[in-house]
Amino acid sequence: MTPFRKLKSLMHGARRSDRDDIPRLPFTCFEEYLFCDDSPSYPMTLTVRLRFIGFLEEEAFENALLKVVQMHPLLRATVSRTRFGRPVWNVHPQWRPLVHWHSRGDENGFPETCFMDLTREPGIRMWVLDNDNGNDLAIQVHHCCTDGKGMMSFIEDLLISYTTCQGGSECGIALRRLEPGRLLKRGTPALRCRELPKAIFLQLGVINGIRKFFTRSPVSFAVGNSTHPESATRATRTVPLFYRFQPEETGEIVFAAKKSGATVNDLLLRDLYVAIGAWRERRGVGLPEDWVRFSIPVDLRPSGTETMPMANSISMVFLDFQQRDLERRDSLLASIQDYMAYIRRCYRKYTYIFSVAGARILPGGVARLTADDRCYATTCFSNVGRILDRTPLPLSGGKVVAGNVLLDSFDAVAPPLRRHMDVAFTVYTYGGGLQLVLSYNSLVLAEHEMRELLETYVREIRRTVRGRDAD
């Protein structure tokens, strides 16, 4: 085996296979990182809520769920360790999740979610909550099983399956055929053989960046917080806050991005940085030289992997700016654009995966990366993109119709929080409207502080739409 093929094997731990029946799967390096970072205090789970107009038919939904869970092996898998201590997936062909019907939600309309022990249960839980004009479907999935894109594919399959169970197959709507064998390629760089040596060679230039990553100390939102001191119990209770732009205003945001020669993602990143800077300054928190670091998930899927079942196939990149830089809107946007171009040009989205793969062979393994009790990122920013924008299901007013129900809204609580990263942001578009989600640790931060931060973010986005971007 050549050194390059050996490194690729370390990143994944499996050989290619086209088998449909995969009873046992090695962990990818990122899955192993999430598994080691998982704990009852900081559970590595994602939660989404689908709010329907209309009531789900219980028998049709249960049958639809059974079909779809069979399509996605990691949803019916538990974790064990090999004799060398490596975690592996064990797929249970006949397992099906229990749906908790007629559940009650908390003050935010979500069921009580908690830690998932993957060594004891597969990583999915589901609740159906009753409202006056329809049901809410809440789904909690372990992050080892999926990323945001994988979650969306599962939800689309579930809605299609529900439609077909109600006779929708007569309208020509059918479930897609997935290839479980593609799971053996999840989480690995989408590089051809001739690209891999180049990508590895270009990582040599990131040594200085790695040094900065560990020597810089990004600030936590909890530092300087007067309501809940940093010495409070280091655990999390995740609370989400939502804001949705109407389709007309969403169109103006897209137009502003085109006008400025930037992507919508770059604008949203810049405006979030400015909002955090303004929020910290208004509260008298921090110093001009403080580092504000974003961790940003990036997709590793190559084109043509639409037939891969639900999985986690992402890496991470990190973006650092000092507090003093966050007032300079134009130069901040230019720096973000330059950095994103640098990531694409120099294969930097693979740096994190290569690093975790290397940690596998060092003393302490991947667990050593998660054991350090320090802040490595101020927040996480995840852009899921357009939700269900290519579904074969019919639409009504830009929203998905599945059998007898209309998917009126979609709320995601992701990515998960971790030690000293007490706030995370998610953005996505559904039904033509851009939605912002701020998830925060209510054991450390107060609701009024986080509402103020979200409102500041909305104002900065509207400032961009009005064209007031001068430094």
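We use all heavy atoms of the structure for the numbers below, so side chains are in, but hydrogens, waters and symmetry mates are not.
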Side-chain donor/acceptor of S396 to backbone N/O of K399, under 3.5 Å
no
Dump the intermediate steps for salt bridge (Lys or Arg N to Asp or Glu O under 4.0 Å) on D299 and R301, then the final yes or no.
CA-CA 6 Å; D299 190 14; R301 294 172 179 82; 2.9 Å; yes
Mind telling me whether F381 and F294 have parallel, tilted or perpendicular rings, with 30° and 60° as the class edges?
parallel
Donor-acceptor contact below 3.5 Å, side chain S153 vs main chain M310
no
ring-ring contact (aromatic ring centres under 6.0 Å, His included) contacts touching residues 50-80 (sequence neighbours left out):
F61-W101, H72-F154
Answer yes when R244 and D411 have at least one side-chain N-carboxylate O distance shorter than 4.0 Å, and no when they do not.
no
Residues at least two apart in sequence or cross-chain that pass ring-ring contact (aromatic ring centres under 6.0 Å, His included) with Y428, listed by chain then number, are F410
Strictly distance-based, threshold 3.5 Å: is any side-chain N or O of T146 a donor or acceptor partner for the main-chain N or O of M151?
yes
Between R419 and Y42, a side-chain donor and acceptor under 3.5 Å:
no
Under a 3.5 Å cutoff, is there a donor and acceptor pairing between the side chains of D38 and Y33?
no
Under the ring-ring contact (aromatic ring centres under 6.0 Å, His included) test, which residues partner W279, sequence neighbours left out?
F221
Strictly by salt bridge (Lys or Arg N to Asp or Glu O under 4.0 Å), give each pair with a member in residues 124-137 just once, sequence neighbours left out.
R51-D136, E121-R125
Got a salt bridge between E460 and R270, using NZ or NE/NH1/NH2 to carboxylate O under 4.0 Å?
no
Of W291, Y352, F318, the residue whose pairing with F213 passes ring pair (Phe, Tyr, Trp, His ring centres under 6.0 Å):
F318
Under a 4.0 Å threshold between the charged nitrogen and the carboxylate oxygen, would R451 count as salt-bridged to E455?
no
Is there a donor-acceptor contact under 3.5 Å linking the side chains of H92 and T78?
yes
Examine distances only and state if a side-chain atom of N441 and a backbone atom of R237 form a donor-acceptor pair shorter than 3.5 Å.
yes
Here's one to test your reading of the geometry: is the NZ or CZ of R49 within 45 degrees of the ring axis of F110 and under 6.0 Å from its centre?
yes
Going by ring-ring contact (aromatic ring centres under 6.0 Å, His included), name the residues that satisfy it together with Y440, two or more places apart in sequence or in a different chain.
none
Salt bridge check: are E156 and R390 linked by an N-O gap of less than 4.0 Å?
no
Between the side chains of T45 and Q140, is a donor N or O closer than 3.5 angstrom to an acceptor N or O?
yes
Can you tell whether the side chains of R120 and D117 come within less than 4.0 Å, N to carboxylate O?
yes
With sequence neighbours left out, write down each residue that passes side-chain hydrogen bond (donor to acceptor under 3.5 Å, both in side chains) with T456, or none if nothing qualifies.
R282, R459
